[in-house]
Amino acid sequence: MNNVSHPYYPRDLLLPHYVANTLGMDYILSVVFSTFGIILLAAGALIIKKKQVSAGDRLVFMWCVISGCIHMFLEGYFAVYHASLAGDQGIMGQVWKEYSKGDSRYLSSDSFVVNMERITAFIDGPLAFYTAYAIYTNSPGRHVGQISVSICQLYGCVLYYLTTLFEGSPHSDPHPLYFWFYFVIINAFWTIIPFILIKHSWVAICHGMTLAHKAVSSKKRK
C-alpha cells in the first residue's frame, strides 16, 4: 500500500514531489479574492468614464477584464508550470495547491486539464481582453469577440465538469467547501455568465443582420 502524504483525492494519488503549503487557507483565499476585487474596481473605474457605455455593458467589460486576467495569468501559470506545481511554494503555486483540494487533476498533470487550460490561457484570455477593448472603444467587432470567448468558456467548463463527474468526482475532497465551493460554485461563473452573453450577442448580431438586409433591400428598390 502506498504511503499517502498529501490531502488530495483519490487518496492513492501519487504525488512524490508534493510539499505542503506554508500559507494558510484563510490567507490564500484573502489574497486571491482581494486581488480579484482590486482588478474589478480598477476595471470599473476605467469604464465608468465612458458615459456612452450602458450599465449592462460596463458589467460585461468588468467581466471580460477579470476573466482575461484569470485566464492569462492564473491559469497561464498552471499551463506553464503544471509539472512542478505540487512542490511549488510560490504564492501562485500555493493558490493552485489549495484549489486542487477541489480537483486534484491540477497536481497530477491530467492531460485533459493541462490542454484545456492551455487553450483557456492562450486563446480565451486574449479574446476576453479583445472583447473588453472592443466594448471600451465601441468597436463593431465587440459581439464577435464576446460570442467567441463565451462559447470557448462555456464549452471548456462543461467538459471540465463532465469529465470528472462522469467518473463520480474521484478527484475532489468530499468536504462541502472543496467540492461545492471550489469545484462547483467557482467554476459555475464560467457556465452561467457565458450562456447569458452568448444569448446577448446572438440577439445583437441577428438584429444587426436584419437591419443590414432591410437597408440592402431598400437600396435595391430605389
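Only this structure's heavy atoms are used, side chains among them; waters, hydrogens and symmetry mates stay out. Note that the structure is a prediction, hence the values are computed from the model and not measured.
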Worksheet item: Taking atom types as modelled, is there a side-chain donor on T131 or Q146 under 3.5 Å from an acceptor on the other?
Response: no
Discussion item. Keeping D110 on the side-chain end and F112 on the backbone end, is there a donor-acceptor pair under 3.5 Å?
Written reply: yes
Practice prompt. Kindly say whether the aromatic ring centers of Y178 and F183 come within a distance under 6.0 Å.
Written response: no
Discussion item. Within the 4.5 Å heavy-atom criterion, are V53 and Y136 side-chain neighbours or not?
Written reply: no
Fill in: Residues that V144 engages under side chain to side chain contact (heavy atoms under 4.5 Å, CB included), provided they are two or more places apart
S148
Discussion item. side-chain contact (heavy atoms from CB on, under 4.5 Å), that's the test. Do F78 and M92 meet it? Break it down for me.
Written reply: CA-CA 9 Å; F78 166 81; M92 296 281 269; over 6 Å; no
Worksheet item: How long is the gap from NE2 on H143 to NE2 on H207, to the nearest 0.5 Å?
Response: 10.0 Å
Worksheet item: Do Y133 and V149 sit in the same hydrophobic cluster, where Ile, Leu, Val, Met, Phe, Trp and Tyr count as joined when their side-chain heavy atoms come under 4.5 Å apart?
Response: no
Discussion item. Could you check whether any side-chain heavy atom of L46 comes within less than 4.5 Å of a side-chain heavy atom of F61, counting everything from C-beta outward?
Written reply: yes
Fill in: Shortest non-hydrogen contact between A83 and S109, atoms and distance
CA-OG, 3.6 Å
Worksheet entry | Residue pair V31 / S34: nearest heavy atoms and the distance that separates them | O-OG, 3.1 Å
Worksheet item: Once you round to the nearest 0.5 Å, how far does CD1 of I151 lie from CZ of F195?
Response: 11.5 Å
Discussion item. Within the structure provided, determine whether Y182 and E98 are in side-chain contact (heavy-atom separation under 4.5 Å).
Written reply: yes
Worksheet item: If Ile, Leu, Val, Met, Phe, Trp and Tyr residues are connected whenever their side-chain heavy atoms lie under 4.5 Å apart, and connections chain through other members, are F129 and I147 in the same group?
Response: no
Discussion item. For a 4.5 angstrom cut-off between non-hydrogen side-chain atoms, does P194 reach F189?
Written reply: no
Fill in: Between CD1 on residue I185 and CD1 on residue I192, distance to nearest 0.5 Å
10.0 Å
Worksheet item: After noting the C-alpha distance and the side-chain angles of D88 and Q94, does the key distance pass the side-chain contact (heavy atoms from CB on, under 4.5 Å) rule?
Response: CA-CA 7 Å; D88 191 337; Q94 296 204 43; over 6 Å; no
Practice prompt. For Q153 and H71, test the side chains for any donor-to-acceptor distance below 3.5 angstrom and give the result as yes or no.
Written response: yes
Item to complete: Kindly give the heavy-atom pair with the smallest separation between R118 and A79, and that separation in Å.
Response: CG-CB, 3.8 Å
Worksheet item: Are I193 and L154 grouped together when hydrophobic residues (ILVMFWY) are joined by side-chain heavy atoms under 4.5 angstrom apart?
Response: no
Worksheet entry | Heavy-atom closest contact (A134 atom, G141 atom, distance) | CB-C, 4.4 Å
Worksheet entry | OH/Y81: more than 12 non-hydrogen atoms of other groups inside 6.0 Å | no
Worksheet item: Is there a path of hydrophobic side-chain contacts, each under 4.5 Å between heavy atoms of I, L, V, M, F, W or Y residues, that connects V95 with I186?
Response: yes
Discussion item. What verdict does the side-chain contact (heavy atoms from CB on, under 4.5 Å) test give for Y161 and T191, after you've listed the backbone C-alpha separation in whole Å, the side-chain angles of each residue and the deciding distance to 0.1 Å?
Written reply: CA-CA 10 Å; Y161 276 135; T191 56; 3.9 Å; yes
Worksheet item: Is it true that the side chains of T163 and R105 contain a donor and an acceptor less than 3.5 Å apart?
Response: yes
Fill in: Shared hydrophobic cluster for V114 and V158 (ILVMFWY, side-chain gaps under 4.5 Å)
no
Practice prompt. Examine R11 relative to Y9 and say whether NZ or CZ is less than 6.0 Å from the centre of the six-membered ring and inside a 45° cone about the ring axis.
Written response: yes
Worksheet item: If you measure from CG on L14 to NE2 on H6, what distance do you get to the nearest 0.5 Å?
Response: 7.0 Å
Practice prompt. Verify the neighbour count for atom OH of Y27: are there more than 12 heavy atoms of other residues, nucleotides or ligands below 6.0 Å?
Written response: no
Practice prompt. Would you check if F179 and D173 make a side-chain contact, meaning some heavy-atom pair closer than 4.5 Å?
Written response: no
Item to complete: Nearest 0.5 Å please: distance from the CD1 atom of I70 over to the CG atom of D124.
Response: 12.0 Å
Worksheet entry | F33 and F181 aromatic ring geometry - parallel, tilted or perpendicular at 30°/60° bounds | tilted
Fill in: Pairing of K50 and D57 as salt bridge, 4.0 angstrom limit
no
Worksheet item: Hey, are the side chains of L197 and V60 touching, using non-hydrogen atoms and a 4.5 Å cut-off?
Response: yes
Discussion item. I'd like to know if the side chain of D103 pairs up with that of Y160 as donor and acceptor (distance under 3.5 Å, no hydrogens or angles considered).
Written reply: yes
Worksheet entry | Residues S104 and H171: side-chain donor-acceptor under 3.5 angstrom | no
Discussion item. So, taking the atom named CG in L15 and the one named NE2 in H17, what distance separates them when rounded to the nearest 0.5 Å?
Written reply: 6.5 Å
Discussion item. Is the ring pair W190/W63 parallel, tilted or perpendicular, if the boundaries are 30 and 60 degrees?
Written reply: tilted
Practice prompt. Please report the shortest heavy-atom distance between L74 and W96, naming the atom on each side.
Written response: O-NE1, 3.1 Å
Worksheet, complete the sentence: Scanning both residues in full, the closest heavy-atom pair of S139 with Y130 reads OG-OH, 4.1 Å
Item to complete: List the steps and the verdict of side-chain contact (heavy atoms from CB on, under 4.5 Å) for K97 and Q89.
Response: CA-CA 9 Å; K97 282 190 283 184; Q89 292 296 76; 2.5 Å; yes
Response to the item:
side-chain hydrogen bond (donor to acceptor under 3.5 Å, both in side chains) with Y106: of E117, K101, H82, only one passes, and it is E117
